[in-house]
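For reference, the structure discussed in these notes is given below.
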Amino acid sequence: MVELRQAEGGLLRKGFAGDTFNTAYYMRAFLPAAWPVDYFTAVGTDTISDELLAFIESTGVGTGFVRRVPERTPGLYMIHLKDGERSFSYWRSVSAARLLADDPAALRMAIDASDVILFSGITLAILSPGAVETLLSEIRRGRAAGKMVAFDPNIRPRLWDDADTMRRTISAGAAAATIVMPSFEDEATHFGDASIDATIARYGSLGVENLVVKDGAEGITLRFGGETVFVPSVAARNVLDTTGAGDSFNGAFLAKYLVSGDHCLAAEFAARVAATVIGHHGALLPPAEFQALMRG
Ligand SMILES: Nc1ncnc2c1ncn2[C@@H]1O[C@H](COP(=O)(O)OP(=O)(O)OP(=O)(O)O)[C@@H](O)[C@H]1O
Ligand SMILES: O=C(O)C(=O)C[C@H](O)[C@H](O)CO
């Protein structure tokens with residue numbers, strides 16, 4: 001999507017972001033260079049779509065699987081800030097990305113070519129019911145073939161027609177995944193979970209093997225191999241804009257976990273990355289900041 005955020009003098013700064021891309025961006029930053037990261041979506045054939053693709057390529061994320069859809073354009077969102085906490089306005093009702101699963105052969109090719117697949121509740125929210133089914137059945141195929149499937153419910157009620165469809169579809173998304181990475185505040189609000197244990201139990205009952213429950217400044221509760229571990233968050237020096245906190249956490253976590261196989265180490269690293277991201281405006285941390293994070 002196109003991202004608009006406040007700049008000096010009442011101006012708006014244009015960038016590009018969106019939850020799954022944000023995660024791909026951080027995975028690219030923290031994975032070894034030899035491990036390719038690709039983004040699967042649909043864009044238009046207009047100038048802003050060209051700019052968006054050029055931006056994605058400039059970050060090192062591959063665009064070889066991106067489909068071009070004439071007559072459509074990318075979605076757009078604007079960040080609003082209140083004491084560092086973000087909210088969004090959207091212009092995306094006819095975005096090209098809504099058609100990302102409309103070519104099942106292209107979808108299958110991308111999944112077959114990948115070892116790890118990541119999607120989110122926002123991915124599901126923007127698709128037609130038929131396209132949700134296509135996407136989930138291809139993802140289930142991938143999972144059955146032994147691929148890692150990561151899912152962040154990323155609950156955005158305004159993107160859904162009604163709350164029941166939202167809860168049912170997010171649960172189906174989670175059931176197709178091997179690792180689910182929810183934010184507890186969202187789960188409590190929209191699924192009525194009274195505690196993090198309740199979130200873990202609910203996703204566990206859907207057959208989810210691995211869970212990473214994020215809880216803002218508090219910390220992260222991980223459920224791997226039947227064991228629960230708590231990792232505290234890292235104190236943020238200042239909270240300027242929380243946009244992308246969860247996505248940067250996911251990208252950094254998955255990169256570290258894929259390399260080390262250690263979920264606690266991965267959560268500690270990801271907490272450090274997310275605490276840095278919220279000290280900057282927008283979803284994407286400038287590359288200059290990555291070196292310091294790598295050094296620890
Ligand atoms: N105030 C904070 N101080 C320190 N770390 C934080 C803070 N808020 C978020 N984090 C870090 O970011 C991670 C994700 O937080 P949270 O679940 O609140 O994000 P989110 O609301 O899902 O973000 P997004 O905008 O990406 O959807 C947390 O697990 C934590 O590591
Ligand atoms: O809200 C969305 O649809 C976005 O993807 C915009 C933001 O980048 C994202 O929500 C941050 O998590």
Side-chain angles (χ1 to χ4, degrees), residues 1-5 14-26 39 41 52 74-81 83-93 95 97-98 100 118-127 151-160 170 180-190 193 196 199 211-222 230-254 256 263-264 266-285 293:
M1 273 190 292
V2 177
E3 176 187 86
L4 293 181
R5 57 186 161 98
K14 182 186 80 182
F16 296 102
D19 72 333
T20 47
F21 174 71
N22 303 338
T23 302
Y25 176 85
Y26 290 100
Y39 195 55
T41 190
L52 189 154
L76 181 150
Y77 78 105
M78 188 188 293
I79 301 175
H80 308 282
L81 293 173
D83 302 326
E85 193 48 60
R86 91 292 188 271
S87 61
F88 305 127
S89 295
Y90 294 120
W91 292 265
R92 65 191 310 175
S93 51
S95 70
R98 287 185 178 263
L100 69 84
L118 171 115
F119 70 118
S120 79
I122 297 178
T123 316
L124 299 176
I126 64 172
L127 301 182
F151 176 69
D152 183 341
N154 238 352
I155 303 178
R156 302 284 186 271
R158 271 186 300 129
L159 298 180
W160 294 91
I170 284 178
V180 175
M181 313 179 79
S183 289
F184 176 63
E185 195 184 355
D186 290 350
E187 305 297 314
T189 305
H190 301 291
D193 295 345
I196 290 174
T199 302
L211 273 155
V212 181
V213 186
K214 296 161 280 181
D215 189 16
E218 295 300 316
I220 305 100
T221 307
L222 300 114
F230 178 77
V231 171
S233 290
V234 169
R237 268 197 229 134
N238 61 343
V239 183
L240 266 185
D241 177 356
T242 55
T243 307
D247 308 331
S248 61
F249 181 97
N250 295 346
F253 177 89
L254 290 170
K256 201 55 147 192
H263 53 281
C264 294
E268 284 162 17
F269 176 64
R272 210 147 50 74
V273 172
T276 306
V277 169
I278 62 181
H280 291 74
H281 282 287
L284 305 181
L285 195 63
L293 282 165

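As the structure lists them, so they are numbered: ligands from 1, and atoms in each ligand from 1.
Leu254 is not listed as a side-chain neighbour of Tyr26, based on a closest heavy-atom distance of 4.5 Å or more. Within the 4.5 Å cutoff, the side chain of Ile170 has no heavy atoms near those of the His190 side chain. Inter-residue side-chain proximity for His263 and Val231 is flagged as unmet; no heavy-atom pair is nearer than 4.5 Å. No side-chain heavy atom of Ile196 sits less than 4.5 Å from a side-chain heavy atom of Glu187. In this structure the side chain of Pro182 reaches within 4.5 angstrom of the side chain of Thr199, judged on heavy atoms.
Smallest separation of non-hydrogen atoms from Leu81 and Leu240: CD1-O, 3.7 Å. Taking every heavy atom of both residues into account, Ser95 and Gly75 meet most closely at CB-N, 3.5 Å. Taking each heavy atom of Arg98 and Leu127 in turn, the nearest pair found is O-CD2, 3.5 Å.
Counting protein heavy atoms only, atom 11 (C) of ligand 1 is closest to Ala274 CB, 3.6 Å. Closest protein heavy atom to atom 29 (O) of ligand 1: Lys214 CB, 3.5 Å. Atom 10 (N) of ligand 1 has as its closest protein heavy atom Gly216 O, 3.7 Å. Protein heavy atom in closest approach to atom 17 (O) of ligand 1: Ser183 OG, 2.6 Å. Closest to atom 12 (O) of ligand 2, if we only count protein heavy atoms, is Asp247 OD2, 2.7 Å. Nearest to atom 3 (O) of ligand 2 among the protein's heavy atoms is Arg92 NH1, 2.7 Å. Looking at atom 7 (C) of ligand 1, its nearest protein heavy atom turns out to be Ile278 CD1, 3.5 Å.
Close approach of ligand 1 to Ile220 is summarised as follows: ligand atoms under 4.0 Å from at least one heavy atom of the residue are 29 (O). When each atom of ligand 2 is checked for a heavy atom of Gly244 under 4.0 Å away, the hits are 11 (C). Atoms of ligand 1 found under 4.0 Å from any heavy atom of Thr242, numbered from 1 in the order shown, are 25 (O). Residue-ligand proximity, Val234 to ligand 1, at heavy-atom distances under 4.0 Å covers atoms 4 (C), 5 (N). Applying the 4.0 Å criterion to heavy atoms of Asp247 picks out, from ligand 1, the atoms 26 (O). Using a 4.0 Å cut-off to heavy atoms of Ser233, the atoms of ligand 1 that qualify are 30 (C), 31 (O). If you number the atoms of ligand 1 from 1 as listed, the ones under 4.0 Å from a heavy atom of Ala217 come out as 1 (N), 2 (C), 3 (N), 7 (C), 8 (N). When each atom of ligand 1 is checked for a heavy atom of Asn154 under 4.0 Å away, the hits are 27 (O). In the vicinity of Ile122, heavy-atom distances shorter than 4.0 Å reach the ligand 2 atoms 1 (O), 2 (C), 3 (O), 5 (O).
The distance from atom CD of Glu3 to atom CG of Leu284, rounded to the nearest 0.5 Å, is 6.5 Å. Rounding to the nearest 0.5 Å places OG1 of Thr189 at 8.0 Å from CD1 of Ile155.
At least one heavy atom of Met1 sits under 4.0 Å from some atom of ligand 2. For Gly246, the heavy-atom gap to ligand 2 stays at 4.0 angstrom or more. At a 4.0 Å cut-off, at least one heavy atom of Arg156 sits close enough to ligand 1 to count as contact. Taking a 4.0 Å cut-off on heavy atoms, Glu185 fails to register as neighbouring ligand 1.
Residue contacts with ligand 1: Arg86 is placed with a nitrogen or oxygen under 3.5 Å of a nitrogen or oxygen of the ligand (distance criterion only). Between Gly246 and ligand 1, at least one N/O pair is under 3.5 Å apart. The shortest N/O to N/O separation between Gly244 and ligand 1 falls below 3.5 Å. Polar contact with ligand 2: present for Arg156 (N/O pair, distance under 3.5 Å). For ligand 2, the polar-atom distance check finds an N/O of Asp19 within less than 3.5 Å of one of the ligand's N/O atoms.
Remark: Glu185 CD is loosely packed, at most 12 non-hydrogen atoms of other residues, nucleotides or ligands lying under 6.0 Å away.
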| query | Hey, mind stepping through Ile79 and Phe88 against side chain to side chain contact (heavy atoms under 4.5 Å, CB included) and telling me if it holds? | reply | CA-CA 5 Å; Ile79 301 175; Phe88 305 127; 4.0 Å; yes

| message | Let's go through Leu100 and Thr123 carefully: what are the C-alpha distance in whole Å and the side-chain angles of both, what is the deciding distance for side chain to side chain contact (heavy atoms under 4.5 Å, CB included) to 0.1 Å, and is it a yes or a no? | response | CA-CA 9 Å; Leu100 69 84; Thr123 316; 4.2 Å; yes

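At a cut-off of 3.5 Å, with distance as the only test, no side-chain donor of Tyr25 or Ser248 sits close to an acceptor on the other residue.
With respect to the salt-bridge test (charged N to carboxylate O, under 4.0 angstrom), the residues Lys214 and Asp152 qualify.
At distances below 3.5 Å, at least one donor-acceptor pair connects side-chain atoms of Ser120 with backbone N or O atoms of Ile122.
With a 4.0 Å cut-off on non-hydrogen atoms, Thr20 does not touch ligand 2 at all. With a 4.0 Å heavy-atom cut-off, ligand 2 is reached by no atom of Glu3.
The residue among Tyr77, Phe88, Tyr90, Phe21 with a heavy atom at the shortest distance from atom 8 (O) of ligand 2 is Tyr77.
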